[in-house]
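Ligands are counted one by one from 1 in listed order, and the atoms in each one are counted from 1 as well. Everything numeric here is computed off the predicted structure, so don't read it as measured data.
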Amino acid sequence: MSIQQIGSSWLLHTQNTTYAFGLNSLGLLVHQYWGPRIASPSALPPAPESEGWASFNHPEHLLPEEYPAWAGMKFVEPCLKVTAHDQVRDTVLVFQDSQAEVDDLPHLVITLQDPVYALRVRLHYRVHAESDIIERWAELVNDSAAPIRLERAFSVQWHPPAGTAYRFSHLYGRWNDEFHLVRETLTPGVKVIESRRLTTSHHHNPWFALDGGDASETQGEVWFGALGWSGNWKLCAEDTGFASTRLSLGVNDFDFAWDLQPGETFTTPSAYAGYTQEGFGAASRCLHQLIRSRLIPHPRALHPVLYNSWEATLFDVDAPSQIRLAQLAAQMGVELFVMDDGWFKGRRDDRAGLGDWSPDPLKFPHGLNPLIQQVTALGMRFGLWVEPEMVNPDSDLYRAHPDWVLHFPTRQRRTGRNQLILNLARPDVQAHLNQMLDELLSQHDISFIKWDMNRAVSEPGWPDAPRDPREMWVRYTHGLYHILETLRSRHPQVTFQSCSGGGGRADLGVLRYADQIWVSDNTEAAARLRIQEGFSQLFPAQVMEAWVTDANRGQIPLSFRFHVSMCGSLGIGGNLTQWSPQERAEAAHWIAVYKDIRPIIQFGSQFRLRSPSQSPFSAVQYLSEDGAAGVLFAFRTHLPDPAALPPLRLQGLDPQALYAVEGVPEPHSGAYWMHTGLPLVLGNFESALLRITRLP
Ligand code: GLA
């Protein structure tokens with residue numbers, strides 16, 4: 001039984017964990033437990049009570065409430081901050097009831113209510129038992145006759161056990177340099193990471209892991225999670241200074257407002273979190289499993305090997321140049337040919353064209369279909385790049401609808417990469433994009449869309465907004481999801497890739513619509529090793545699109561560059577017309593190898609054996625779903641000689657079973673490979689791809 005009620009406590013059991021909360025003697029909904037699965041109810045600690053009193057430190061301040069609202073003498077971060085119609089800013093949430101929701105997963109709803117202002121809070125808990133993850137979100141319902149202003153409406157507050165000084169792991173970066181992993185000890189106060197950029201951002205990611213400072217890749221308690229949201233978000237990791245830590249996460253309250261009208265419901269995005277005793281690697285695998293089994297639209301579809309024309313032709317695309325690339329790609333075994341930026345009306349460079357999504361009549365006088373037919377005749381599917389949220393001032397769309405972009409009437413409209421942002425909060429903009437993209441997909445045989453978004457926001461105004469214009473922040477993301485959802489329902493066979501100048505929109509929200517993420521515009525193989533390591537903290541290899549390009553061509557061996565990209569969903573992005581016949585033959589070899597091993601990489605489990613950010617000798621291993629086959633990639637970047645590489649200790653094997661590792665004459669037990677390890681000899685910028693086979 002995944003959801004159990006004992007007295008006035010609720011226990012949510014996953015395969016290996018229990019998350020529990022309940023009512024204390026004051027009737028407050030407080031957190032009770034989050035850790036290894038509880039076998040007997042007697043192991044459940046009591047619901048925390050307010051004890052003692054001091055005029056500066058009222059104990060209610062420290063109660064680990066499941067969804068604290070700002071009220072009374074509570075100075076820690078709340079989930080909810082509200083102003084009522086009479087300017088009262090003190091929200092008292094009283095337990096009403098609990099209900100099981102009809103769902104394909106165990107799903108509990110706890111209802112709290114402010115009795116004076118008739119604000120109802122429905123806290124949703126869904127149990128993802130196999131991935132050891134709890135999903136939570138909140139619905140805020142105005143049952144009164146007057147509007148209620150929401151000033152903060154987070155999704156969740158998580159409470160790891162009190163009494164530990166936690167280490168907080170998170171990801172930071174910038175364009176072309178995303179997903180740096182940092183681990184830092186929390187000290188009293190609030191550590192905030194957030195996005196105010198309209199998208200998830202390259203700078204921080206709404207992912208976290210907390211541990212007591214002693215967890216490793218393979219061992220130790222870790223509490224971890226992520227927010228499913230692609231707009232502004234905020235994460236507050238708070239050490240209260242009273243030996244307790246809490247982590248609040250949700251839509252950013254910076255410049256946020258939402259006037260909840262009578263009868264209206266505001267639904268927060270979902271937050272996901274889990275617990276493991278087996279270190280950061282296991283924490284990642286839980287999130288990987290969740291993403292693969294519950295979020296992405298086509299979980300069991302193997303991604304084809306793709307070719308993308310961007311780095312070869314930039315904006316200079318036309319049918320002959322694309323066909324030449326397509327022919328070379330097809331000869332190498334590529335299965336999907338993607339034409340990137342530059343194909344639409346007026347697009348010669350980045351100064352014009354965005355908004356006018358019809359084929360450029362000079363480049364494609366007969367439209368795209370002749371090219372698509374040739375690509376399909378070569379045995380490949382066809383994909384296309386779009387950037388629907390953007391408009392160049394030099395475009396027919398902007399000339400017709402200058403009011404459709406985000407702007408303030410008295411301020412200059414600042415461009416980024418010469419483009420302005422269409423206000424996707426507007427229903428007319430949503431309808432236009434839906435129709436335009438639906439036509440594009442209906443009139444062409446397109447199986448893949450790379451959906452890009454290439455600037456951060458400025459002047460986030462909506463002058464003719466029907467309500468508070470600050471609702472734009474949330475409505476924009478809802479608009480984006482609505483368009484993606486509509487297109488997906490009309491064209492379910494199409495795969496979407498989320499790109500925002502690389503990894504600027506990488507989150508669990510967009511993965512409900514997109515099967516893939518373009519991780520970074522940085523395709524330099526050694527840099528990618530580090531970026532991919534950060535990305536893998538929460539995302540599985542299946543969603544990680546990785547291209548072999550011309551970056552470091554001639555300096556880093558092609559095999560090394562292929563091996564790096566084969567750790568995800570393989571793509572090619574180099575200018576094939578410049579590749580020698582030998583390079584293309586070698587590429588064909590690696591593509592064939594990849595096709596053979598990709599079920600292991602895309603559907604299997606991932607183990608980070610050695611970190612590329614910690615050492616120039618790194619390795620990552622994948623194991624098939626049934627555990628019978630594996631692949632090991634090892635990389636040496638620059639390590640001064642003489643260097644003795646330590647043996648690679650494999651992970652995830654059955655200790656008793658016998659395994660053969662490619663290149664090693666003798667098979668050994670799983671225990672041997674995991675404890676004694678595999679000796680490897682690699683020179684600088686050499687790599688290895690070795691298959692692992694369980695013997696009968
Ligand atoms: C962004 C993407 C690139 C490419 C260009 C095209 O930078 O990340 O891969 O599509 O836009 O303009």
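- Annotation: side chain to side chain donor-acceptor pair (under 3.5 Å) contacts of Asn369 (sequence neighbours excluded): none.
- When heavy-atom distances to ligand 1 are checked against 4.0 Å, the residues falling inside are Trp310, Asp340, Asp341, Trp385, Arg417, Lys450, Asp452, Asn454, Cys499, Gly501, Gly502, Trp518, Asp521, ordered by chain and number.
- Ring geometry for Phe685 versus Phe560: interplanar angle of 30 to 60°, hence tilted.
- Separation of the Trp590 and His563 ring centroids falls under the 6.0 Å cut-off.
- With ring centers used as reference points, Phe224 lies 6.0 Å or more from Phe208.
- With sequence neighbours excluded, no residue forms a side chain to side chain donor-acceptor pair (under 3.5 Å) with Gln614.
- Scanning for side chain to side chain donor-acceptor pair (under 3.5 Å) contacts around Asn575 gives Thr577, with sequence neighbours left out.
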